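The structure under discussion appears below in the form of structure tokens.
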Amino acid sequence: VALAATGHAGDSLRILRFLQQTQLASGTWAARYWPDGSGPVDDGRPGELDANGWVPWAVWCWSAEESHENESGEPQLAGLWPMVEAAADAMVRSLAPDGLPAASMDYWENSVQVTLSTAAALLTGLRAAADIAGELGHGTAAARWTRAATRLADGIAAGFGRHGYHRLPFADSGDDAAVTFLGPPFAAAGPAVVSAITDTERSLRLTNGGILPGTDWPGNRTTAWTVETAFFALFNAETGRERMANQMLTWLAAHTTRLGTLPEKVDGR
């Protein structure tokens, strides 16, 4: 997505084709692959379902940027269609009667549960897949995935929303930085979601200026994570909170290494 948005659509497409080559027969992905794409890295941890949301969204973002540049976007999009279709159908199969996805490992990588981060990622992916299907003339698939997205959105509101959009669908599970996945740029956000995101930002901000993954994070609770800080920077930038976005981006810039890379974590000092 970042490459597509910064004028490197060809590099973006190469990544999407790599993902297409590594997609499993189930329509899902492993969390990690060997660099040559020869297969998943088996480290004993179970699979993570959130990729099924992020990949169709990435295809959708690439397609939007590519269509602005030249006329080759649609033929290339059609080439990615089998991957999107398989991913979206796997998302639909994962939904339980309450509309929420099956339990899986999520980005915290420490337990197998139904979490807000995975549910929100799949919602984004189903909406993106439905839009792609409509663009390519696959009306039946578009309708099926739109219905599934509505079921999932209702399930998120009922299961997570009534408790303030915490990490798990019950009241005392604590805040999770992934609440940002429910807002811009991934989706329009109503007042309840915006309130939850701003409340979560306050609760997870550390004295060093960064953001903790969640209030129930089992690791070092004085260490900020750069990615989670960027979640909120993105939300703030997309919702007109320029001062907060600039503050977070300045913090990230101040903690880059001499090579220009970002560390995963920034400690209390």
Side-chain angles (χ1 to χ4, degrees), residues 1-5 8-42 46-96 99-102 104-107 117-153 181 185-187:
V1 173
L3 289 165
H8 301 85
D11 293 320
S12 180
L13 179 59
R14 279 190 285 277
I15 293 172
L16 294 174
R17 286 174 172 163
F18 174 87
L19 291 169
Q20 188 167 28
Q21 293 164 8
T22 56
Q23 188 176 29
L24 302 173
S26 61
T28 63
W29 283 268
R32 287 161 292 275
Y33 286 86
W34 296 109
D36 63 0
S38 59
V41 176
D42 183 5
E48 300 174 23
L49 191 58
D50 55 356
N52 278 66
W54 295 129
V55 173
W57 176 70
V59 173
W60 182 87
C61 291
W62 164 82
S63 176
E65 296 295 336
E66 177 69 9
S67 65
H68 296 156
E69 297 296 327
N70 55 59
E71 298 178 356
S72 63
E74 187 165 320
Q76 292 174 331
L77 180 61
L80 297 171
W81 166 251
M83 173 175 69
V84 173
E85 182 180 30
D89 284 343
M91 286 190 273
V92 174
R93 290 194 302 271
S94 78
L95 301 184
L100 293 177
S104 72
M105 188 80 82
D106 77 345
Y107 81 112
S117 63
T118 297
L122 297 192
L123 180 58
T124 294
L126 279 170
R127 288 169 170 166
D131 197 75
I132 292 167
E135 184 175 343
L136 293 177
H138 300 289
T140 301
R144 181 170 69 252
W145 299 337
T146 297
R147 289 193 300 270
T150 299
R151 280 183 57 212
L152 177 52
F181 300 167
F186 309 108

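All values reported here derive from a predicted model rather than from experimental measurement.
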| query | Is there a side-chain contact between P82 and Q23, using heavy atoms and a 4.5 Å cut-off? | reply | no
In terms of heavy-atom contacts, R127 and A153 come closest through NH2-CB, 4.1 Å
query: Are any of the side-chain heavy atoms of W81 and V59 separated by less than 4.5 Å?
result: no
(message) Is it the case that over 12 heavy atoms from other parts of the model lie below 6.0 angstrom from the CG atom of D36?
(response) yes
Of all heavy-atom pairs linking A30 and P40, the shortest is CB-CB, 3.5 Å
For A148 and L95, the nearest pair of non-hydrogen atoms, with its separation, is O-CD1, 3.8 Å
Legend entry - Flag side-chain contact, heavy atom, 4.5 Å: W62 against L80: yes
Does the side chain of H8 reach to within under 4.5 Å of the side chain of E65, using non-hydrogen atoms? no
- Item | From CA spacing to verdict: side chain to side chain contact (heavy atoms under 4.5 Å, CB included), R147, V92 | CA-CA 10 Å; R147 289 193 300 270; V92 174; over 6 Å; no
Would you find more than 12 non-hydrogen atoms of other residues, nucleotides or ligands less than 6.0 Å from W29 atom CH2?
yes
Taken in chain and number order and not counting sequence neighbours, the residues that satisfy side-chain hydrogen bond (donor to acceptor under 3.5 Å, both in side chains) with S117 are D106, T115
Separation between CG (D50) and CE (M105), nearest 0.5 Å, reads 11.0 Å
Nearest heavy-atom contact between L152 and P101 is CD1-CD, 3.8 Å
Q: For I132 and S63, run side chain to side chain contact (heavy atoms under 4.5 Å, CB included): C-alpha distance rounded to whole Å, both residues' side-chain angles, the deciding distance at 0.1 Å, then the answer.
A: CA-CA 9 Å; I132 292 167; S63 176; 5.8 Å; no
Exactly one of W145, W60, W57 clears side chain to side chain donor-acceptor pair (under 3.5 Å) with D131, and that residue is W60
Rounding to 0.5 Å, atoms OH (Y107) and OG1 (T118) come to a distance of 10.0 Å
Rounded to the nearest 0.5 angstrom, the SG-CD distance for C61 and E66 is 13.5 Å
Looking only at heavy atoms, the pair that brings A88 and L126 closest together is O-CD2, 4.0 Å
Separation between CZ (R17) and CD1 (I15), nearest 0.5 Å, reads 12.5 Å
dist Y33:OH -> T22:OG1 (nearest 0.5 Å) comes out at 4.5 Å
So CG of L16 and CG of D11: to nearest 0.5 Å the spacing works out to 11.0 Å
What one should report as the nearest heavy-atom pair of N52 and M91 is O-CE, 3.1 Å
